[in-house]
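Chain letters run A, B, ... following the sequence lines, proteins first, then strands; residues in each count from 1. Since this is a predicted model, take the numbers as computed values, not measurements.
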Amino acid sequence: MSEETKSLNFIEHIIEEDLANGLPKDKLRFRFPPEPNGYLHIGHTKAIGISFGLGEKYNAPVNLRFDDTNPAKEEQEYVDAIKRDIEWLGYKWENELYSSDYFQKLYDWALQMIKDGKAYVDSQSSEAMAEQKGTPTQVGVAGPYRNRSVEENLDLFQRMKAGEFPAGTHVLRAKIDMEDPNMLMRDPIMYRILYAHHHRTGDEWCIYPMYDWTHGESDYIEQISHSLCSLEFKPHRKLYDWFKEHVYEYSKDKLPLPPKQHEFARLNLSYTIMSKRKLLRLVEEGLVSGWDDPRMPTISGLRRRGYTPNSIRKFIEKVGVAKRENVIDVSLLEFCIREDLNKTANRVMAVLNPIKVVITNYPEGKEEWLDAENNQEDESAGYRKVPFSREIYIEKEDFKEEAGSKFFRLKLGGEVRLKNAYIIKAEHVVKAENGDIEEIHCTYTEDTEKKVKGTLHWVSIKHAITAEIREYDRLFSDEAPDSHADKDFMEFINPNSLNIKTGYLEPSLSEAKVGEQFQFQRLGYFNVDNDSTAEKLVFNKTVGLRDSWAKQKPKSQNNQSQQNKSQQKRPPLSVIQQFGKKYTNLPEEKRLKVKAEIQDLAKDVSYDDLEPLFGTATKKAGTRTVVMIALKVLLKNGLERNDAINQFISKAIEDKNELLVAEATDIF
RNA sequence: UAACCUGUGGUGUAAUGGUAACACUCAAGAUUUUGAUUCUUGUAUUAUAGGUUCGAAUCCUAUCAGGUUAUCCA
């Protein structure tokens with residue numbers, strides 16, 4: 001029910017308006033139209049989420065339509081993968097459809113267009129046509145075949161279909177306007193000859209319709225009410241509408257609803273690439289193990305990495321829908337998966353960088369099976385037993401011989417709690433000749449009520465099982481790897497995006513099944529990879545836990561430089577101007593604070609920069625006031641008065657705003 | 001330098017002429033047998049300049065910035 005109070009995005013506004021203007025609700029129909037030439041990635045999820053989400057919201061059908069008009073690139077493998085991914089995300093399509101189902105209909109309409117003089121066969125080379133097309137700043141010119149007779153066009157087009165011509169010799173073009181400022185309107189190609197085997201129609205056709213001719217008409221045939229796509233199709237809209245208006249004239253009796261296209265900004269994720277072509281390159285050049293490599297932004301990659309459908313849908317919901325370019329921070333995706341897994345994943349203990357701890361006052365050979373809560377966020381998750389013994393592993397970085405009071409973990413002479421077990425105290429260390437610590441000798445107490453600051457996870461060495469642990473880092477070291485005109489995105493590949501190690505896990509994990517998800521306590525969320533076998537467990541690290549301790553350590557270099565950057569970014573005067581906008585509305589206490597800040601900033605402002613602001617509109621009293629404050633500082637620092645200054649001040653004294661008058665009088 | 005689109009905290013999204021809000025990030029604190037979770041608090045925003053209006057993020061004009069468009073791809 002909280003849905004009702006949620007604000008609408010611009011597409012929902014459009015739909016609401018259409019409904020208000022008389023579109024019956026049962027005419028609402030959407031579609032998701034992938035080309036089966038690659039795997040779906042997180043960017044597609046946005047488009048999927050929008051169209052299928054709208055379907056769910058309005059209880060309207062959503063078609064899954066494969067835009068399969070280019071047999072050279074498309075394969076059944078991709079159709080299967082796309083269906084699997086959409087299903088996995090939890091969406092249900094009304095009909096599974098293919099643009100290739102409409103080839104005959106499209107062909108019939110094309111014949112009609114030719115008869116109406118709206119299309120013609122061109123027989124030039126693609127180079128010649130490109131030349132005639134002009135450029136964005138220069139209009140195109142008509143080619144020599146533009147005015148062929150209807151009979152000739154009809155004859156040629158039918159013979160194109162019959163396979164009488166080699167590929168590339170003729171095309172069918174819409175006859176629109178070679179001078180249109182929108183280049184897509186300069187007689188776009190509708191059909192080309194292609195002798196390729198189509199994954200559905202086989203060798204039935206040797207002419208294939210182009211995207212613009214196919215896509216909109218497929219929407220129309222399916223009676224899609226709102227055809228939603230990403231921003232780069234905006235210029236296509238004019239052509240979409242042109243085709244639509246013509247076929248509508250031919251078929252309005254049977255197909256009464258002309259669809260409308262609307263465009264939204266597609267999703268970009270920081271530190272990743274979204275282009276299918278580029279993702280394919282990563283696969284083909286072996287930089288990743290496949291389309292479902294856990295580092296890939298593909299849906300299959302995210303699935304294997306341990307992302308849940310829930311978390312991805314939540315992410316898309318949070319990202320929103322609008323028309324401006326955007327780059328979403330990966331931290332939002334990480335937040336969504338943590339939020340989901342925090343509620344559902346059972347907690348277990350695993351040590352990834354082990355160091356041996358010997359509990360000297362615990363009897364040799366003794367073992368205890370202690371109770372451990374599976375998930376404190378979920379009471380129904382229950383308890384399990386974990387074995388404890390004299391020798392355990394803890395993480396290397398959980399121990400320091402000496403450390404300050406901010407280090408809550410184990411140090412010599414210090415006490416720490418072992419999760420689900422006892423409290424131990426580090427007595428001394430055993431070192432190898434090279435100085436490396438080999439063992440930490442501790443004593444334990446059974447008084448677990450005692451208050452200690454730190455709690456560590458651990459595993460009993462005798463009982464531990466081993467597993468391969470795959471830890472991932474971002475695939476690219478650059479925030480926007482494919483946005484550099486002068487550099488190939490491959491230059492930004494992070495060589496350390498995969499780190500494989502052996503982990504020591506509590507024995508309950510020997511039962512873990514492929515796909516099962518856990519929280520390795522204090523480390524992160526992990527799932528069992530497909531590569532796991534009965535002999536060898538393999539885990540993927542889905543995402544780490546938030547770690548405010550890790551953040552503290554590199555503070556000195558990291559944070560400061562970041563802060564400096566943001567401070568340097570804006571010149572002092574523009575900061576002052578910003579203050580000016582709200583200055584007159586601030587509560588007094590805050591205003592004084594701001595004023596002091598302005599006075600401080602004004603020291604770095606030159607008169608030449610300030611003077612233009614004397615001309616600020618009369619009604620913008622706030623800006624004039626802060627300029628006055630800044631001016632005062634400049635005068636105090638030795639600036640000579642001139643006519644412009646005097647005029648500015650005397651005009652201010654006559655103002656109706658008291659703050660401005662006060663500042664001006666003060667200076668006067 | 002043609003046409004079209006877009007400019008709201010660091011990031012993303014609301015507010016549809018009437019108190020600029022929500023989420024993530026970041027920071028501080030409380031709780032905690034995970035330095036997690038949870039809770040509280042905080043920093044920070046309408047690209048610029050004019051105009052219309054009692055009142056502008058919203059409408060108008062200009063400027064600036066970014067993006068898109070020239071495959072027989074989709």
In whole angstrom, what separates [X]'s [atom1] from [N]'s [atom2]?
| X | N | atom1 | atom2 | answer |
| --- | --- | --- | --- | --- |
| A:Leu8 | B:rA15 | CG | P | 8 Å |
| A:Lys541 | B:rA36 | NZ | C1' | 13 Å |
| A:Leu523 | B:rG35 | CG | P | 10 Å |
| A:Asp398 | B:rU34 | CG | P | 13 Å |
| A:Gln521 | B:rU32 | CD | C1' | 13 Å |
| A:Met183 | B:rA70 | CE | C1' | 4 Å |
| A:Phe10 | B:rG7 | CZ | C1' | 15 Å |
| A:Tyr422 | B:rU33 | OH | P | 18 Å |

Polar-atom pairs under 3.5 Å, protein N or O versus N or O of nucleotides 18-25 of chain B: list them with distances, or write none.
from	atom 1	to	atom 2	distance (Å)
B:rA23	O2'	A:Lys318	NZ	3.4

Could I get a table of every N or O pair under 3.5 Å where one atom is in the protein and the other is in nucleotides 71-74 of chain B?
from	atom 1	to	atom 2	distance (Å)
B:rC72	N4	A:Gln124	O	3.4
B:rC72	N4	A:Gly168	O	2.8
B:rC73	OP2	A:Arg192	NE	3.1
B:rC73	OP2	A:Arg192	NH2	2.7
B:rC73	O3'	A:Arg192	NH2	3.4
B:rC73	O2'	A:Asn70	ND2	3.0
B:rC73	O2'	A:Lys73	NZ	3.4
B:rA74	OP1	A:Thr69	OG1	2.7
B:rA74	OP1	A:Arg192	NH1	3.4
B:rA74	OP1	A:Arg192	NH2	3.1
B:rA74	OP2	A:Tyr211	N	2.9
B:rA74	O4'	A:Glu35	OE1	3.4
B:rA74	N6	A:His236	NE2	3.3

Using the [atom1] atoms only, state how far [M] lies from [N], rounded to an integer number of Å.
| N | M | atom1 | answer |
| --- | --- | --- | --- |
| B:rG66 | B:rU34 | C1' | 44 Å |
| B:rU31 | B:rA36 | C1' | 13 Å |
| B:rG10 | B:rC59 | C1' | 31 Å |
| B:rU6 | B:rA23 | P | 28 Å |
| B:rG35 | B:rA30 | C1' | 14 Å |
| B:rU58 | B:rG17 | P | 12 Å |
| B:rU69 | B:rA15 | C1' | 32 Å |
| B:rA44 | B:rC22 | P | 15 Å |

Report yes or no: is the cationic atom of A:Lys419 (NZ for Lys, CZ for Arg) closer than 6.0 Å to the six-membered ring centre of A:Trp458, at no more than 45° off its axis?
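No, A:Lys419 and A:Trp458 do not form such a contact.
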Pair [X] + [Y]: basic N to acidic O under 4.0 Å:
| X | Y | value |
| --- | --- | --- |
| A:Arg146 | A:Asp187 | yes |
| A:Arg522 | A:Glu395 | no |
| A:Asp482 | A:Lys278 | yes |
| A:Lys450 | A:Glu415 | yes |

Among B:rA14, B:rA70, B:rU37, the nucleotide that comes nearest once only the side chain of A:Asn342 is considered:
B:rU37
Among the nucleotides B:rU37, B:rU33, B:rA14, which one has an atom lying closest to any side-chain atom of A:Ala322?
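Among the listed nucleotides, the one closest to the side chain of A:Ala322 is B:rA14.
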Proximity of [X] and [Y] rings by center, below 6.0 Å:
| X | Y | answer |
| --- | --- | --- |
| A:Phe388 | A:Tyr422 | yes |
| A:Phe526 | A:Phe518 | no |
| A:Tyr208 | A:Phe103 | yes |
| A:Tyr240 | A:Phe233 | no |
| A:Tyr39 | A:Tyr78 | yes |
| A:Tyr145 | A:His170 | no |

Check salt bridge (charged side-chain N to carboxylate O under 4.0 Å, His left out) between A:Asp219 and all other residues, then give those that pass, not counting sequence neighbours.
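Salt bridge (charged side-chain N to carboxylate O under 4.0 Å, His left out) list for A:Asp219, sorted by chain: A:Arg31, A:Arg65.
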Checking A:Lys238 now: which residues fulfil salt bridge (charged side-chain N to carboxylate O under 4.0 Å, His left out) with it, not counting sequence neighbours?
A:Asp180
Just checking [X]: base, sugar-phosphate only, or nothing, at a heavy-atom cut-off of under 4.0 Å?
| X | answer |
| --- | --- |
| A:Phe407 | base |
| A:Gln376 | base |
| A:Val452 | nothing |
| A:Asn326 | sugar-phosphate |
| A:Glu263 | nothing |
| A:Arg186 | nothing |
| A:Val139 | nothing |

Would you write out the dot-bracket form of RNA chain B, 5' to 3', with Watson-Crick and G-U pairs under 3.5 Å, [ ] for crossing pairs, | for pairs to other strands and . for unpaired bases?
.((((((..((((....[..)))).(((((.......)))))....(((((..]....))))))))))).....
Contact check, side chains of [X] and [Y], non-hydrogen atoms, under 4.5 Å:
| X | Y | answer |
| --- | --- | --- |
| A:Lys276 | A:His44 | yes |
| A:Asp177 | A:Trp242 | no |
| A:Met185 | A:Leu239 | yes |

Let's test your reading of the model: under 3.5 Å, does the base of B:rG35 pair with the side chain of A:Arg409 as donor and acceptor?
yes
Report the residue (A:Gln519 or A:Pro136) whose heavy-atom-nearest nucleotide on RNA chain B is the more 5′ of the two.
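Per heavy-atom nearest nucleotide, the more 5' residue is A:Pro136.
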A:His457 side-chain N/O to B:rG35 phosphate OP1/OP2 under 4.0 Å
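For A:His457, the contact criterion (side-chain N or O under 4.0 Å from OP1 or OP2 of B:rG35) is not met.
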N/O-N/O pairs, protein side and nucleotides 4-6 of chain B side, under 3.5 Å:
none

